[in-house]
Amino acid sequence: MIIVDDDAIVRSALGAYVGASPELTVVGAYSDGSEAVAAVSAPGFGVDVVLMDVRMPVMDGITATEQLRAGNPNVKVLLLTSFDEDDYMMNALKAGASGFLLKDASPKALVDAVLAVHNGTTVISPEPLGRLVRGKSAATHRQIPQPPRKVDLSGRELDILRELCHAHSNAEIAEKLYLSESTVKTHVSAIMSKLLVNSRLKAVVRAYEWGLVDRES
């Protein structure tokens with residue numbers, strides 16, 4: 001994985017946190033998004049996860065995410081955010097980010113989030129997600145289509161959607177609901193289609209926006 005942050009002290013701290021895990025290896029650290037895009041695009045440079053700040057000079061994290069994902073669709077991006085950056089989240093989702101983590105997360109939470117994203121699980125800190133779905137950004141909301149008269153989700157699809165909102169993987173959902181992983185995968189695809197989104201993370205946000213799940217839970 002690589003770390004991207006314009007603050008050298010933060011880069012060092014993140015590297016120390018991640019480097020303490022035997023399951024993770026940091027292969028590079030960069031000060032802005034353009035450096036990360038150039039590094040990942042270089043021939044022979046292999047990286048699975050990019051841990052990246054949202055606000056940076058030269059190229060911000062959202063623009064970098066879009067460019068990284070366009071050229072390297074298998075690379076997962078975990079964005080670091082703070083409370084005053086919620087307005088960027090919907091654009092980041094569109095760019096292909098795999099998750100959001102608050103900068104004050106514990107070292108264990110950071111490592112767990114990176115591993116989860118690597119394994120294909122959506123990671124969202126509850127605080128920024130809650131602020132987003134409560135409609136903090138009017139500009140963002142203007143970009144969101146109005147829900148249809150009826151979102152025709154089955155009872156089983158609603159069960160799975162609730163589990164997605166808890167950032168559970170297909171394997172975890174399958175175990176909890178006594179289903180096969182292939183069945184869960186089929187339901188998740190159907191849910192995303194009905195919610196007019198193309199990722200699990202967007203499905204979570206849409207579920208809250210359209211009132212399909214209880215925000216308090």
Closest approach of [X] to [Y] (non-hydrogen atoms, all atoms of both residues):
X    : Y    : result
A190 : E157 : CB-OE2, 3.6 Å
V184 : N170 : CG1-OD1, 3.7 Å
M56  : D53  : CE-O, 3.4 Å
A203 : M192 : CB-CG, 4.3 Å
R206 : V197 : NH1-CG1, 3.8 Å
A109 : L101 : O-CD2, 4.4 Å

- Atom CD of E163: over 12 foreign heavy atoms under 6.0 Å: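 Above 12, so yes.
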- Query: Are L179 and I160 side-chain neighbours, meaning at least one heavy-atom pair lies under 4.5 Å?
  - Reply: yes
- Any side-chain heavy atom of I173 sitting closer than 4.5 Å to one from L164? yes
- Start with the C-alpha distance between R156 and L177, add both sets of side-chain angles, then the distance that settles side-chain contact (heavy atoms from CB on, under 4.5 Å), and finish with yes or no. CA-CA 9 Å; R156 178 57 76 190; L177 299 181; 3.7 Å; yes
- Query: After noting the C-alpha distance and the side-chain angles of K185 and V188, does the key distance pass the side-chain contact (heavy atoms from CB on, under 4.5 Å) rule?
  - Reply: CA-CA 5 Å; K185 183 176 180 180; V188 170; 5.7 Å; no
Sub-3.5 Å donor-acceptor pair from the side chain of [X] to the main-chain atoms of [Y], do we have one?
X    : Y    : value
R11  : A29  : no
T186 : S182 : yes
K194 : D152 : yes
T65  : G61  : yes

- Determine the sole option in V75, V26, V40, L51 for which the side chain to side chain contact (heavy atoms under 4.5 Å, CB included) test with I2 is passed. V40
- Task: Go through the steps to decide whether L196 and W210 satisfy the test side-chain contact (heavy atoms from CB on, under 4.5 Å), and finish with yes or no.
- Result: CA-CA 12 Å; L196 310 178; W210 287 1; 4.1 Å; yes
Separation between [atom1] of [X] and [atom2] of [Y], rounded to the nearest 0.5 Å:
X    : Y    : atom1 : atom2 : result
Y30  : D5   : OH    : CG    : 14.5 Å
H118 : L24  : NE2   : CG    : 8.5 Å
L153 : L212 : CG    : CG    : 6.0 Å
N119 : S98  : CG    : OG    : 11.5 Å
D7   : L14  : CG    : CG    : 9.5 Å
D159 : S154 : CG    : OG    : 8.0 Å

- Query: Hey, quick one: are V27 and V50 part of the same hydrophobic cluster, counting side-chain heavy atoms closer than 4.5 Å, chains of contacts allowed?
  - Reply: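 V27 and V50: one cluster.
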- Item | Hydrophobic cluster membership, M52 vs V58, 4.5 Å side-chain cutoff | no
- Show your reasoning for whether side-chain contact (heavy atoms from CB on, under 4.5 Å) applies to D6 and D32. CA-CA 6 Å; D6 62 311; D32 71 76; 5.8 Å; no
